[in-house]
Amino acid sequence: MSSAGADRRGVLADKVALITGSTDGIGFAIAQRLARDGAHVIVSSRKQQNVDRAVEKLQGEGLSASGTVCHVGKEEDCKKLVSMASEKYGLINFLVCVAGVNPLAGSTLGASEEIWDKIMDINVKAPARLLRLALPHMGNRKASSVVFVSSVVAYNPEITLGPYNVSKTALLGLTKTLSLELAPKGIRVNCLAPGVIKTDFSQVLWKDKNVLQDLMKRHRFTRLGCPEECAGVVSFLCSPDSSYVTGETIVASGYSPRL
Ligand code: NAP
C-alpha cells in the first residue's frame, strides 16, 4: 500500500478515499489532491475509458490510485465500488460524493416527473445510498469523514435551474441530518458548495461572455473558480485540522451567499 510520489508525511497518509464522479472536473481535482496528501484514492465514473484515463494520470504522478466504473444511480455499481475499496484496503476512511446532474434549463413548474426523479435520485438519494453501503467498511472511525458536493445555488437559486437548485439545497439538509446520525460513531459529515467552477459541466454559465458577466454582476464575484480551489477545501474537511467540524457547508464561490 505505498504511494510512491506522495509526500509520506502527508496529512492523509495511508488513508483510503472513495470519490464518485472523479474522472474529470472537480472530482478529479479532489482525487488528485487527496492522493497528493498521501491517501490511496479510488476514482469512479460511468465510463470505463474515463476511469482508465484518470487512473493512468494519477499513477503517472506516482500517486496511489485505482478505479472502477460506478454510475451512482445504479445500486449494483455502488456495491462494486465499495467492495473494491474494502477488498483492496480493508476499510474506507473518506467518502466524497461529487457526481451530480442537471438535465434541465427552464421552468421549474414545467419540469417533468422524469426530470425531477433523475435529479433527486442522482444528486440526493445516491449519496445517501452510497454512504449506507460504505458505512460498515468505515473503519478507524475517528479518522473517517464524509463530504457531499452541493452548490452555491443551494443558497442563491438560479431561476432556470429549479429542480437542481432544490436538490442542492436538500444536500445541505442531508449533511446536517447525517452528521447527527453518525456523530456517535465519530464520523463527520460535511459539504462543499462551489460557485462557478470552470469545468465542462458549467460551460453554459461561462462560455457565453454575456451570461458570465451577468452572473458576475449579480453576485459580485470577479473570476471563475478552478477545480483545485474546491479540492483544497475537501482535503481540509478530510484532515484532522477539521476534527471538530461536522454538519457544516463550506462555500467556495469567490463571494459569500449567506450570513
Ligand atoms: P464535470 O467536469 O462535468 O465532471 C463530472 C464527472 O462526474 C465526470 O468524471 C463524469 O464522468 C462523472 N459523472 C457524471 N455523471 C455521473 C454519474 N451519474 N455517476 C457517476 N459519475 C458521473 O463536472 P463538475 O463541474 O466537476 O461537477 C461535479 C459536481 O460539482 C456536480 O455535483 C455539480 O453539481 C457540482 N458543482 C459544479 C459546479 C461548477 O461550476 N462546475 C458548481 C457547483 C456545483 P463520466 O462521464 O465518465 O460519468
Side-chain angles (χ1 to χ4, degrees), residues 18-27 44-48 50-51 68-82 95-135 146-181 189-197 199-208 211 214-215 218-219 230 247 249 251 253 257-258:
L18 205 156
I19 307 139
T20 70
S22 50
T23 59
D24 214 338
I26 294 171
S44 60
S45 75
R46 292 167 303 178
K47 300 184 194 113
Q48 184 69 55
N50 292 345
V51 173
T68 187
V69 165
C70 176
H71 183 317
V72 294
K74 297 183 178 168
E75 179 148 3
E76 278 314 304
D77 280 11
C78 293
K79 284 182 178 161
K80 247 184 17 203
L81 178 63
V82 168
L95 173 63
V96 187
C97 297
V98 187
V101 286
N102 179 38
L104 174 84
S107 156
T108 305
L109 295 179
S112 66
E113 292 287 329
E114 288 73 23
I115 294 278
W116 275 103
D117 288 348
K118 180 168 185 181
I119 291 179
M120 296 310 279
D121 186 51
I122 300 294
N123 294 4
V124 186
K125 281 169 68 183
R129 186 190 302 130
L130 185 57
L131 178 50
R132 171 172 54 77
L133 295 170
L135 191 59
V146 176
V147 183
F148 296 137
V149 175
S150 174
S151 165
V152 76
V153 301
Y155 299 102
N156 273 345
E158 279 302 317
I159 190 161
T160 57
L161 306 180
Y164 176 77
N165 300 330
V166 174
S167 73
K168 292 299 187 179
T169 306
L171 264 184
L172 309 188
L174 187 68
T175 303
K176 278 205 179 274
T177 300
L178 292 179
S179 72
L180 296 174
E181 188 164 326
V189 184
N190 290 293
C191 188
L192 163 74
V196 187
I197 308 298
T199 67
D200 284 352
F201 181 81
S202 59
Q203 275 191 46
V204 61
L205 300 178
W206 54 262
K207 262 216 156 154
D208 179 332
V211 173
D214 170 59
L215 266 177
R218 276 194 285 128
H219 300 302
C230 294
T249 297
V251 179
S253 65
R258 56 175 182 173

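Atom set for the values below is all heavy atoms of this structure, side chains included, hydrogens, waters and symmetry mates excluded. Just so it is clear, the model here is predicted, and its values are computed rather than measured. Sequence positions, counted from 1, serve as the residue numbers for this chain.
Between D24 and N50, every side-chain heavy-atom pair lies at or beyond the 4.5 Å cut-off. Within the 4.5 Å cutoff, the side chain of T68 has no heavy atoms near those of the V51 side chain. For the pair T199/I26, a side-chain contact is recorded, criterion being any heavy-atom separation below 4.5 Å from C-beta on. Residues T108 and Y164 form no side-chain contact, since every pair of their non-hydrogen atoms from C-beta on lies 4.5 Å or further apart.
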**Prompt:** Would L131 and L95 satisfy side-chain contact (heavy atoms from CB on, under 4.5 Å), going step by step from the backbone distance to the final call?
**Reply:** CA-CA 7 Å; L131 178 50; L95 173 63; 3.9 Å; yes
**Asked** What's the verdict on side-chain contact (heavy atoms from CB on, under 4.5 Å) for L133 and E75, showing C-alpha distance, side-chain angles and the deciding distance?
**Response** CA-CA 9 Å; L133 295 170; E75 179 148 3; 4.2 Å; yes
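Taking 4.0 Å as the cut-off between side-chain N and carboxylate O, D121 and R129 count as a salt-bridged pair. Under a 4.0 Å N-O distance rule, the pair E158/K168 does not qualify as a salt bridge.
Between L172 and A154, the closest heavy-atom pair is CD1-CB, 3.8 Å. Nearest heavy-atom pair, S150 versus C191, reported as atom, atom and distance to 0.1 Å: CB-SG, 3.5 Å. Smallest separation of non-hydrogen atoms from L192 and V147: N-CG1, 4.3 Å. Across P103 and K118, no two heavy atoms sit closer than the pair CG-CD, 4.3 Å. Among all heavy-atom pairs drawn from L130 and C97, the shortest one is CD2-SG, 4.4 Å. Contact record, N165 with P157: ND2-CB, 3.4 Å, taken as the closest heavy-atom pair.
To the nearest 0.5 Å, the span separating CD1 on I119 from CG on L161 amounts to 9.0 Å. Atom NZ of K80 and atom CG of D77 lie 4.5 Å apart (nearest 0.5 Å). For the atom pair CD1 (I19) and SG (C70), the distance works out to 12.5 Å, reported to the nearest 0.5 Å. A distance of 12.5 Å separates CG of L104 from CD of E114, quoted to the nearest 0.5 Å.
The closest donor-acceptor contact from the side chain of S107 to the backbone of T160 lies at 3.5 Å or more, if one exists at all. With hydrogens and angles ignored, the 3.5 Å screen pairs no side-chain donor or acceptor of N190 with any backbone N or O of T249. Between the S45 side chain and the S22 main chain, no donor and acceptor come within less than 3.5 Å of each other.
Remark: K125 NZ is loosely packed, at most 12 non-hydrogen atoms of other residues, nucleotides or ligands lying under 6.0 Å away. Atom CD of Q203 sits in a crowded spot, with more than 12 heavy atoms from other residues, nucleotides or ligands closer than 6.0 Å. The neighbour count for Q48 CD, taken as heavy atoms of other residues, nucleotides or ligands under 6.0 Å away, is above 12.
Take N102 and apply the side chain to side chain donor-acceptor pair (under 3.5 Å) test, not counting sequence neighbours, and it matches no residue. The side chain to side chain donor-acceptor pair (under 3.5 Å) test applied to S167 returns N123, not counting sequence neighbours.
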